[in-house]
Amino acid sequence: MSDALRLRFVFAVLMSLVMTLLMSAWVTWLNIGGQTDFLPRWRHAFLAAWPVAFCAVMLFAPRVQSLSRGIVAARMSRRARPASACPVCAPDAQAGTPASAASCSCAS
C-alpha cells in the first residue's frame with residue numbers, strides 16, 4: 001500500500017469516526033433526550049452510520065478537497081488582481097500616456 005493510499009485510509013477512518021460519534025450523539029439526543037436508554041441507542045446509531053460515513057469520506061474527500069482548492073485559488077486570484085482602471089484613465093493608459101489629474105475623476 002502506498003503512503004498516499006495509507007494516509008487517505010487513515011484520514012477516512014478518523015474523520016468518519018469523529019463525525020459519526022458527534023452526529024449520532026447529537027441526533028440521538030435530539031430524538032430521545034437524556035433517557036436511560038440513551039447510550040444503547042447512541043451505540044446502535046453509531047454502528048449503523050459509521051460504515052456509511054467511512055465510505056462517503058473515501059469516495060468524496062478527494063473531490064471535496066479539489067473543489068476546496070479551486071474555491072481558495074479563485075478567491076486568491078481575485079484578491080491579487082489589480083483594481084479595474086478608471087474609464088477616463090483607461091484610454092490614456094492604453095495609449096501609453098498618463099492621464100492628467102484634471103481629466104481623471106479617480107485622482108481625487
Side-chain angles (χ1 to χ4, degrees):
M1 181 184 290
S2 70
D3 286 345
L5 188 58
R6 185 176 293 118
L7 177 62
R8 185 173 164 198
F9 181 80
V10 170
F11 173 80
V13 167
L14 294 175
M15 181 58 96
S16 63
L17 173 72
V18 170
M19 291 302 297
T20 307
L21 278 170
L22 292 172
M23 294 308 298
S24 63
W26 179 247
V27 172
T28 303
W29 179 267
L30 288 176
N31 284 328
I32 67 167
Q35 294 184 10
T36 57
D37 63 341
F38 174 80
L39 288 177
R41 287 184 182 214
W42 178 18
R43 184 183 65 232
H44 175 75
F46 169 75
L47 292 174
W50 192 16
V52 176
F54 173 77
C55 292
V57 172
M58 283 296 286
L59 290 173
F60 298 116
R63 290 180 188 102
V64 171
Q65 190 173 24
S66 295
L67 179 63
S68 300
R69 277 193 199 112
I71 291 170
V72 170
R75 182 155 172 85
M76 295 305 290
S77 69
R78 271 196 313 229
R79 276 187 174 172
R81 269 189 228 148
S84 60
C86 170
V88 175
C89 296
D92 293 334
Q94 290 174 355
T97 58
S100 67
S103 68
C104 180
S105 62
C106 72
S108 54

At what distance, to the nearest 0.5 angstrom, does [atom1] of [X] lie from [atom2] of [Y]?
| X | Y | atom1 | atom2 | value |
| --- | --- | --- | --- | --- |
| Ser68 | Gln65 | OG | CD | 7.5 Å |
| Leu5 | Met58 | CG | CE | 6.0 Å |
| Asn31 | Trp26 | CG | CH2 | 11.0 Å |
| Trp50 | Cys55 | CH2 | SG | 12.0 Å |
| Leu7 | Asp3 | CG | CG | 8.5 Å |
| His44 | Leu47 | NE2 | CG | 8.5 Å |

Determine whether [X] and [Y] fall in the same hydrophobic cluster, where Ile, Leu, Val, Met, Phe, Trp and Tyr are linked whenever their side-chain heavy atoms lie under 4.5 Å apart.
| X | Y | value |
| --- | --- | --- |
| Phe46 | Trp29 | yes |
| Phe54 | Leu21 | yes |
| Phe11 | Met19 | yes |
| Trp42 | Leu17 | yes |

Self-check item: Contact check, side chains of Leu14 and Val18, non-hydrogen atoms, under 4.5 Å
Solution: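 Answer no - side chains too far apart.
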Is [X] reaching over with its side chain to a backbone N or O of [Y], donor-acceptor style, under 3.5 angstrom?
| X | Y | value |
| --- | --- | --- |
| Arg6 | Met1 | yes |
| Ser77 | Ala74 | yes |
| Ser16 | Val13 | yes |

